[in-house]
Amino acid sequence: AVLPKPDLEGLRGDLRTAQRQGAPGAAARIDEHGTVFRTATGIADRTTGRALGNADRFRIGSVTKIFTATVLMQLADEHKLRLDAPVNRYLPGLLPDGRITVRHVLSHRSGLYDYTNDMFARTVPGFEAVRDKVFTYRQLVDRSLRRPRTNTPGAVYAYSNTNFVIAGMLVEKLTGHPVQTAYRDRIIEPLKLRDTFYVHPSTRIPGRHARGYLTPDRAGAPLVDATRQTASWAQSAGAIVSTTRDLNTFLGALLGGRLTSSAQLAQMRRWVPAGTDQAYGLGLRRRDLSCGVSVYGHTGAVQGYYTYAFASKNGGRSLAAFVNTSNNGTVHTTMLGTLESAFCGKRAK
Ligand SMILES: C[C@@H](NC(=O)[C@@H](C)NC(=O)CCCC[C@H](NC(=O)C[NH3+])C(=O)[O-])C(=O)O
């Protein structure tokens, strides 16, 4: 199906609205078969007032989950991994339930509790308690296992960061290297993603980057500069740093069939219902827009940054957008509107 032309004025308006609603800055980039559209508003640094732009690197949060899933799909292509095998076959004794499979983990159907629910129940204290902490994967999984399962394996979609911590453990066990090596050798280098990094446990974002500002739970409380953090609570579930251009390049390559076999890409697109107008495959979210177009990608939320990275079915048109704030539901709703502007075009007035 031919996509409606993007509503570029609408997209600019979405970013300005997000800024009015509390985001210090916002940026978006659309790539379509070589044509590029960029727009940005607001500031990257509240101390210097420097303008935010699409060249600014930022923390992409859960968009990391697509990178981690892509590596595992490549390992499946290399016959090093079977999606329907129990996780415990590759990580003996890790999980108390031998019925939990790799596919359950990658589709958020394992039933494993999301440890971040407790960790960030109080947003700023929770963040301050972990911002300089380095966790092992095992410590994060153990936090989850202290809570009861949320469902029997395979029953329903229930989003949990624990699943993609386990996915990171699988990558390390099956490749014999840290996830950083797998991201670099299998995705970042081949696609020449010059602004994409996995620097965990360093707290620094390398090079030119937007500072990220966490919105406290208490209305009117001042923003907290959350730029410096290990993101060790997230790791293979959310610790990659990138830019709008690199995210569009990555999504275009993945959905264009250039990173996995078509068989494995089809596995990533086996959908389970995941909320209103949403479905989840393997590390990949589908959102069904008002104009009947479905887009594929992931949102991200890490302290100080919201990310939106989605593309059309075969990656012909991709949108990457971010704001340098988080924990602000109004801004999040406004930024979801960038998908409508980018893929549905001018809204019926
Ligand atoms: C939702 C998003 N998930 C992610 O990106 C993962 C990495 N982030 C989370 O699970 C939220 C962590 C808390 C963020 C904090 N919020 C709080 O602390 C709320 N008490 C914040 O907003 O910065 C996704 O998959 O789309």
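Counting starts at 1 for both ligands and their atoms, following the listed order.
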Please check if the side chain of T215 supplies one atom and the backbone of S326 the other of a donor-acceptor pair under 3.5 Å.
yes

Atom 6 (C) of ligand 1: nearest protein contact (heavy atom, Å)
S62 OG, 2.8 Å

May I ask you to check whether over 12 heavy atoms, not counting those of R57, lie within 6.0 Å of atom CZ?
yes

For Y305 and ligand 1, answer yes if some heavy atom of the residue is under 4.0 Å from a ligand atom, otherwise no.
no

Check each of A239, A301, S326, A237 against atom 1 (C) of ligand 1 and report the one with the nearest heavy atom.
A301

For atom 13 (C) of ligand 1, what's the nearest protein heavy-atom neighbour? Residue, atom name and distance, please.
F120 CD1, 3.7 Å

Judged by non-hydrogen atoms, does R285 sit under 4.0 Å from ligand 1?
yes

Sidechain N-carboxylate O distance under 4.0 Å for D118, R147:
yes

Number the atoms of ligand 1 from 1 as they appear, then name those within less than 4.0 Å of a heavy atom of T123, with their elements.
17 (C), 18 (O), 19 (C), 20 (N)

Ranked by distance from atom 12 (C) of ligand 1, the top protein heavy atom is W233 CH2, 3.7 Å

Validation: residues 87-96 side-chain donor-acceptor distances under 3.5 Å, sequence neighbours left out:
residue, atom, partner, partner atom, Å
N88, OD1, L95, N, 3.0
N88, ND2, L95, O, 2.8
Y90, OH, R82, N, 2.8

Backbone N or O of R269 within a donor-acceptor pair of the W271 side chain at under 3.5 Å?
yes

Pick one: which of Y280, F250, Y308, F67 meets ring-ring contact (aromatic ring centres under 6.0 Å, His included) with H298?
Y280

Does ligand 1 have an atom under 4.0 Å from some heavy atom of M119?
no

Atoms of ligand 1 less than 4.0 Å from N161 heavy atoms?
6 (C), 7 (C), 9 (C), 10 (O)

Residues D31 and R29 bridged, charged N to O under 4.0 Å
yes

With respect to Y159, determine whether any N or O atom, backbone or side chain, lies less than 3.5 Å from an N or O atom of ligand 1.
yes

With heavy-atom distances below 4.0 Å as the criterion, list the atoms of ligand 1 near H298.
25 (O)

Tell me which protein heavy atom sits closest to atom 26 (O) of ligand 1, plus the residue, atom name and distance to 0.1 Å.
T299 OG1, 2.3 Å

List the closest protein heavy-atom neighbour of atom 22 (O) of ligand 1: residue, atom name, distance to the nearest 0.1 Å.
N327 N, 2.9 Å

Atom 15 (C) of ligand 1 has as its nearest protein heavy atom Q303 NE2, 4.3 Å

Would you mind checking if K133 and E128 are paired as a salt bridge, meaning a charged N to carboxylate O distance below 4.0 Å?
no

Going by distance alone, is a donor N or O of one side chain under 3.5 Å from an acceptor N or O of the other, for E172 and T175?
no

How does L214 reach ligand 1, if at all, at less than 4.0 Å between non-hydrogen atoms: by side chain, backbone, both, or neither?
side chain

Between R138 and D142, is the closest basic N to carboxylate O distance under 4.0 Å?
yes

